Amino acid sequence: MTQIKIKLIKSVIDRPERQKRTVKALGLGKIGSETEVENTPQVAGMVAKVQHLLKVTEL
């Protein structure tokens, strides 16, 4: 599978608890934090749910 780089660009403050947990499950904490993950269907679904908070690039 392909790798993707995910960067948190907006705060999770005042977001629903479900979105906060999704961002944390993706391995992100503070604004500006980045992680590289495999682009599996599960990860793609998580990214789709919080895409308004993230910047995603393919590697």
Side-chain angles (χ1 to χ4, degrees):
M1 304 237 66
T2 60
Q3 291 278 104
I4 57 172
K5 183 189 285 187
I6 305 170
K7 182 175 184 177
L8 186 63
I9 58 170
K10 290 191 177 179
S11 175
V12 293
I13 295 174
D14 287 340
R15 301 289 176 186
E17 188 65 30
R18 189 172 188 158
Q19 289 181 6
K20 291 179 185 180
R21 289 193 306 250
T22 301
V23 168
K24 186 155 180 93
L26 286 169
L28 302 169
K30 297 181 178 181
I31 295 177
S33 61
E34 296 180 351
T35 187
E36 292 180 13
V37 294
E38 291 266 340
N39 191 12
T40 62
Q42 294 83 7
V43 170
M46 292 167 69
V47 168
K49 291 292 185 182
V50 291
Q51 67 185 12
H52 55 285
L53 304 174
L54 308 174
K55 178 179 179 185
V56 181
T57 54
E58 281 192 34
L59 300 178

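Position 1 is the first residue of the sequence; numbering continues from there. Source: prediction; values computed, not measured.
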**Student:** Find the distance between NZ (Lys5) and CG (Asn39) and round it off to the nearest 0.5 Å.
**Tutor:**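 Rounded to the nearest 0.5 Å, the NZ-CG separation comes to 15.0 Å.
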
**Student:** What pairs of donor and acceptor atoms, side-chain ones from residues 10-26 against any protein atom, are under 3.5 angstrom apart with sequence neighbours left out?
**Tutor:**
| unit_1 | atom_1 | unit_2 | atom_2 | d |
| --- | --- | --- | --- | --- |
| Ser11 | OG | Ile13 | N | 3.0 |
| Gln19 | OE1 | His52 | NE2 | 3.4 |
| Thr22 | OG1 | Arg18 | O | 2.9 |

**Student:** Roughly how far, to the nearest 0.5 Å, is CD1 of Ile4 from CG of Leu59?
**Tutor:**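 Between atom CG of Leu59 and atom CD1 of Ile4 there are 8.5 Å.
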
**Student:** Any side-chain heavy atom of Leu54 sitting closer than 4.5 Å to one from Leu8?
**Tutor:**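 Yes - at least one pair of side-chain heavy atoms lies under 4.5 Å apart.
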
**Student:** Of all the heavy-atom pairs spanning Thr35 and Gly27, show the shortest one and how long it is.
**Tutor:**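 In this case the closest contact between Thr35 and Gly27 is CB-O, 4.4 Å.
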
**Student:** To the nearest 0.5 Å, how far apart are CG in Leu28 and CD1 in Ile9?
**Tutor:**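 Atom-to-atom, Leu28:CG and Ile9:CD1 are 11.0 Å apart.
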
**Student:** Can you sort out the partners of Glu36 under side chain to side chain donor-acceptor pair (under 3.5 Å), two or more places apart, ordered by chain and number?
**Tutor:**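 Glu36 satisfies side chain to side chain donor-acceptor pair (under 3.5 Å) with no other residue.
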
**Student:** In Å, rounded to the nearest 0.5 Å, how long is the span from CD of Glu58 to CD of Gln3?
**Tutor:**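 Reported to 0.5 Å precision, the distance equals 11.0 Å.
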
